[in-house]
Amino acid sequence: MKKPSLFFLSATVIALIFACSKKQAAEIKPEGPTTVTTANVTYSNFAGALFQNKCANCHGPNGSIQIVWLFNGLASIKNDARVANSILVTKTMPKGSTLTANERILLQAWFDRNTPE
Ligand code: HEC
């Protein structure tokens, strides 16, 4: 009787391992773009690209208006209250282009949430 019981034990162990790995696979979340919302907006999932696209031409390290405000990353936004002000209050920036209503809402939420990285 020793052999069959060992067989069943190994079969059980193998079945358990299989069941566990299957369960784990099912729990892994699919990789892919998450929708940016006012609740999860960050510098890396939204704001950074927006500043890069809408401000860097003029205010980036190679821009001609860097003397007024130099955009060179998150800190340059965090440490200058004029940035949020120019976009959301006076709405003088981005000069020469516009932001969509949705971009404004997300930016406002990002500033309200204290510019998370
Ligand atoms: C086409 C060039 C251009 C773009 C793009 C641009 N700016 Fe400006 N920015 C200027 C100029 C020129 C000034 C100088 C003041 C003026 O002419 O309004 C200025 C001034 C500023 C100032 C300082 C004065 C103030 O209004 O408080 C800040 C801050 C600023 N810009 C932020 C931004 C931000 C943030 C963006 C992107 C959302 C942006 N700018 C996009 C040209 C630009």
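Ligands are counted one by one from 1 in listed order, and the atoms in each one are counted from 1 as well. Model, not experiment: these values are computed from the prediction. No hydrogens, no waters, no symmetry mates; every other heavy atom, side chains included, goes into these values.
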Original post:
Starting from atom 13 (C) of ligand 1, which protein heavy atom do you reach first, and at what distance in Å?
Top reply: I65 CG2, 3.7 Å
Subject >> CG-CD1 distance between L50 and I77, expressed to the nearest 0.5 angstrom >> reply: 9.0 Å
Original post:
In the protein, which heavy atom is nearest to atom 26 (O) of ligand 1, and how far is it?
Top reply: T92 OG1, 3.8 Å
Original post:
Do you see an N/O/S atom of H59, backbone or side chain, under 2.8 Å from atom 8 (Fe) of ligand 1?
Top reply: yes
Subject >> Heavy-atom protein contact below 4.0 Å for atom 15 (C) of ligand 1 >> reply: no
**OP:** Heavy-atom distances under 4.0 Å are what count here, so tell me which part of D80 touches ligand 1: side chain, backbone, both or neither.
**Re:** neither
**OP:** List the atom of V36, the atom of N45, and the distance in Å for their closest heavy-atom pair.
**Re:** CG2-O, 3.6 Å
Subject >> Distance filter under 4.0 Å to K54 heavy atoms, resulting ligand 1 atoms >> reply: 5 (C), 37 (C), 41 (C)
Subject >> Parallel, tilted or perpendicular: ring planes of F51 versus F111, cut at 30 and 60 degrees >> reply: perpendicular
**OP:** Among all protein heavy atoms, pick the one closest to atom 27 (O) of ligand 1 and tell me residue, atom and distance.
**Re:** R82 CB, 3.8 Å
Original post:
If only atom types and distance count, is the side chain of R113 paired as donor or acceptor with the main-chain N or O of T42 below 3.5 Å?
Top reply: no
Subject >> Note, Q66 side chain near N72 side chain (heavy atom, < 4.5 Å) >> reply: no
**OP:** Give the residue and atom name of whichever protein heavy atom lies nearest to atom 1 (C) of ligand 1, and the separation in Å to one decimal.
**Re:** C58 SG, 2.7 Å
Original post:
Looking only at distance, does S86 have an N or O less than 3.5 Å from an N or O of ligand 1?
Top reply: no
Subject >> Sub-3.5 Å N/O-N/O distance, K95 and ligand 1 >> reply: yes
**OP:** Return the minimal non-hydrogen interatomic distance between P94 and L99, and the atom names on each side.
**Re:** CD-CG, 3.8 Å
**OP:** Identify the two heavy atoms, one from L74 and one from W110, that lie closest to each other, and give their separation to 0.1 Å.
**Re:** CD1-CZ2, 3.5 Å
Original post:
Mind checking whether V83 has a heavy atom under 4.0 Å from ligand 1?
Top reply: yes
**OP:** Work out whether the distance between some heavy atom of V68 and some atom of ligand 1 is less than 4.0 Å.
**Re:** yes
Original post:
For ligand 1, which part of F51 has a heavy atom less than 4.0 Å away: the side chain, the backbone, both, or neither?
Top reply: side chain
Subject >> Nearest neighbour in protein (non-hydrogen) for atom 36 (C) of ligand 1 >> reply: C55 SG, 2.8 Å
Original post:
Given side chains that start at C-beta, do those of S97 and K54 come closer than 4.5 Å, heavy atoms only?
Top reply: yes
Original post:
Any N/O/S atom of M93 sitting less than 2.8 Å from atom 8 (Fe) of ligand 1, backbone or side chain?
Top reply: yes
Original post:
Between the main-chain N or O of T35 and the side-chain N or O of N40, is there a donor-acceptor pair closer than 3.5 Å?
Top reply: yes
**OP:** Verify the cluster assignment for W69 and I67: are they in a single hydrophobic cluster under the rule of side-chain heavy atoms below 4.5 Å apart?
**Re:** no
